Amino acid sequence: MRLNNNHWLLCRPIAHRGLWGEGVIENSLTAYKLASKKGYPIEVDLFLTTDKKLVCFHDDNLKRMTGVDKPIYDCSYEELLSLNLNGSEEKIPSFDQLKEIACGKSPLLIEIKDQPRKEIVDILIESLKDYKGEFAIQSFNPSYINKVRKKAPEFIRGILGTNVCPKEKNFFIRYILKHLSLIKLIKPDFVSYIHSGLPIKTKLPIIAWTVTDKNTAINLSSVCTNYIFENFIPD
């Protein structure tokens, strides 16, 4: 096992999309700066634009956060800069901007979102080769994590899983996400699993997502190693 008990991934609660709420917007520069100031690792979601820029955004469609009904991966970075997050002055951050905030201050838990632009894995690996900060990579897509394993075996990597999956996903995808069926192939260092689906059987460290209150965090302590949180401040 490459993760010891003192590794940040296992012992420091991780701020989901930064430290947001009460007027601070998720996956915004302000949310990242607040998380970094308070010393929390930052969980972030990445997409790739048409001009191959890594950007920090959760949804595959822009509508919820910007009002524009369009997939984010069908936009150029310049197009995204014309949009504001939730009517604020905040813009969709680039991954480069996040790295500047986090380097030397906050570790990054980087989720590669499933998307048509599969070259995102290669571009992310290249972006991280000379990065001096701490990080780990995760994804629901086993092929992404397997590619990280082959091209950057030194990177800490994890697989995301859930027993709650949209019905539009086919049976095999739902089965893989629930049972983590490809673990032996992709050889992750950790598992991130939806907290309501715990406990699960694995010898790997487990990170629970996404915990929204202190009581849940306390109750999960026997079935996970660490957790990703939002809407409250851990003790």
Side-chain angles (χ1 to χ4, degrees), residues 1-4 7-10 14 16 41-50 52-60 71-73 95 98-99 107-131 133-166 168-195 197-198 200-210 224-228:
M1 185 178 295
R2 299 195 296 169
L3 299 177
N4 61 50
H7 194 279
W8 65 266
L9 195 60
L10 306 186
I14 301 163
H16 189 229
I42 299 168
E43 186 271 350
V44 62
D45 316 285
L46 293 188
F47 280 99
L48 191 66
T49 63
T50 56
K52 304 190 186 309
K53 186 81 168 179
L54 292 166
V55 292
C56 308
F57 198 77
H58 176 266
D59 302 357
D60 57 2
I72 188 169
Y73 45 74
F95 186 50
L98 173 55
K99 287 190 295 181
L108 298 176
L109 179 54
I110 303 161
E111 179 180 342
I112 310 174
K113 302 293 287 186
D114 204 14
Q115 57 202 284
R117 303 186 184 283
K118 306 305 181 187
E119 64 269 32
I120 187 173
V121 180
D122 295 300
I123 291 172
L124 176 59
I125 290 171
E126 187 62 30
S127 173
L128 290 168
K129 282 290 188 181
D130 297 320
Y131 180 58
E134 296 179 286
F135 66 88
I137 297 173
Q138 63 178 3
S139 182
F140 283 104
N141 190 324
S143 67
Y144 289 171
I145 300 306
N146 197 42
K147 193 169 188 179
V148 172
R149 177 181 70 86
K150 291 179 177 179
K151 295 207 164 190
E154 71 277 17
F155 289 3
I156 299 297
R157 58 189 180 270
I159 189 69
L160 279 152
T162 180
N163 63 342
V164 182
C165 194
E168 58 265 25
K169 298 285 188 182
N170 69 48
F171 169 80
F172 294 105
I173 290 176
R174 285 187 277 119
Y175 187 90
I176 288 169
L177 291 177
K178 180 177 180 179
H179 298 284
L180 306 172
S181 311
L182 301 180
I183 274 185
K184 290 184 178 180
L185 172 66
I186 63 178
K187 298 179 173 63
D189 298 292
F190 65 95
V191 169
S192 288
Y193 207 87
I194 188 169
H195 76 82
L198 295 175
I200 59 171
K201 291 183 179 180
T202 179
K203 294 181 180 180
L204 295 173
I206 298 169
I207 300 172
W209 60 268
T210 298
C224 67
T225 313
N226 195 13
Y227 60 91
I228 300 167

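None of the values given here were measured: they were computed from a predicted structure. Hydrogens, waters and symmetry mates play no part in the numbers below; they use all other heavy atoms, side chains included.
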Inset, instruction - Using the six-membered ring of Tyr193, assess whether NZ or CZ of Lys178 lies under 6.0 Å from its centre and within 45 degrees of the ring axis. - result: no
Polar side chain donor-acceptor pair, Ser143 to Lys118, under 3.5 angstrom:
no
Would you say that Val191 contacts Ile183 through its side chain, given a criterion of any heavy-atom pair below 4.5 Å between the two side chains? yes
The reported gap from CG in Leu9 to CG in Leu3 (rounded to nearest 0.5 angstrom) is 6.0 Å
Check: Between the side chain of Gln115 and the main-chain N/O of Leu48, is any donor-acceptor distance below 3.5 Å?
Finding: yes
Report task. Indicate the ring-plane relationship of Phe47 and Tyr73, choosing parallel, tilted or perpendicular according to the 30° and 60° boundaries. Result -> tilted
Taken to the nearest 0.5 Å, the spacing of Ile186 CD1 from Ile159 CD1 works out to 4.0 Å
- Apply side-chain contact (heavy atoms from CB on, under 4.5 Å) to the pair Ile123 and Glu126, showing each step before the final yes or no. CA-CA 5 Å; Ile123 291 172; Glu126 187 62 30; 5.7 Å; no
Between Arg117 and Thr49 the two heavy atoms that sit nearest each other are CD-O, 3.7 Å
- prompt: Between Arg2 and Glu154, is there a side-chain N and carboxylate O pair less than 4.0 Å apart?
  reply: no
Would you mind reporting whether His7 and Pro205 have side-chain heavy atoms less than 4.5 Å apart?
no
Interatomic distance, CG@Leu204 vs OG1@Thr225, rounded to 0.5 Å, equals 9.5 Å
Notebook entry, point to check: Are any non-hydrogen side-chain atoms of Ile14 and Trp209 less than 4.5 angstrom apart?
Noted result: no
TODO: Count the heavy atoms of every other residue, nucleotide or ligand shown that sit under 6.0 Å from OH of Tyr131, and state whether that count exceeds 12.
DONE: yes
dist Ile200:CD1 -> Ile194:CD1 (nearest 0.5 Å) comes out at 11.5 Å
Taken in chain and number order and not counting sequence neighbours, the residues that satisfy salt bridge (charged side-chain N to carboxylate O under 4.0 Å, His left out) with Glu134 are none
| field | Asn141 vs Ile112, side-chain contact (heavy atoms from CB on, under 4.5 Å): CA-CA, chis, key distance, verdict | value | CA-CA 8 Å; Asn141 190 324; Ile112 310 174; over 6 Å; no
Output for pair (Asp45 CG, Ile72 CD1), nearest 0.5 Å, gives 10.0 Å
Heavy-atom nearest pair, Thr210 first then His195, reads O-CD2, 3.4 Å
Of all heavy-atom pairs linking Phe140 and Pro142, the shortest is O-CD, 3.1 Å
Sorted by chain and residue number, the ring pair (Phe, Tyr, Trp, His ring centres under 6.0 Å) partners of Tyr227 (sequence neighbours excluded) come out as none
| message | I'd like to check Leu128 versus Phe95 (side-chain heavy atoms, cut-off strictly below 4.5 Å). Are they in contact? | response | yes
### Message
Could you check whether any side-chain N or O of Arg157 sits under 3.5 Å from a backbone N or O of Lys187, counting only pairs where one atom can act as donor and the other as acceptor?
### Response
yes
Closest non-hydrogen contact found for Leu46 with Leu124 is CD1-CD1, 3.7 Å
Is the side chain of Lys151 donor-acceptor paired with the backbone N or O of Val121 at a distance under 3.5 Å, no angle test? no
Could you check Thr202 against Leu180 for side-chain contact (heavy atoms from CB on, under 4.5 Å), going step by step and ending with a plain yes or no?
CA-CA 9 Å; Thr202 179; Leu180 306 172; 5.6 Å; no
Task: Lys129, NZ: over 12 other non-hydrogen atoms inside 6.0 angstrom - done: yes
Separation between CD (Glu111) and CG (Leu160), nearest 0.5 Å, reads 5.0 Å
Between Phe190 and Ile207 the two heavy atoms that sit nearest each other are CD1-CD1, 3.7 Å
NZ/NE/NH1/NH2 to OD/OE distance under 4.0 Å, Asp60 and Lys113:
no
Note: Trp8 and Ala136 closest approach over all heavy atoms is CZ2-N, 3.8 Å
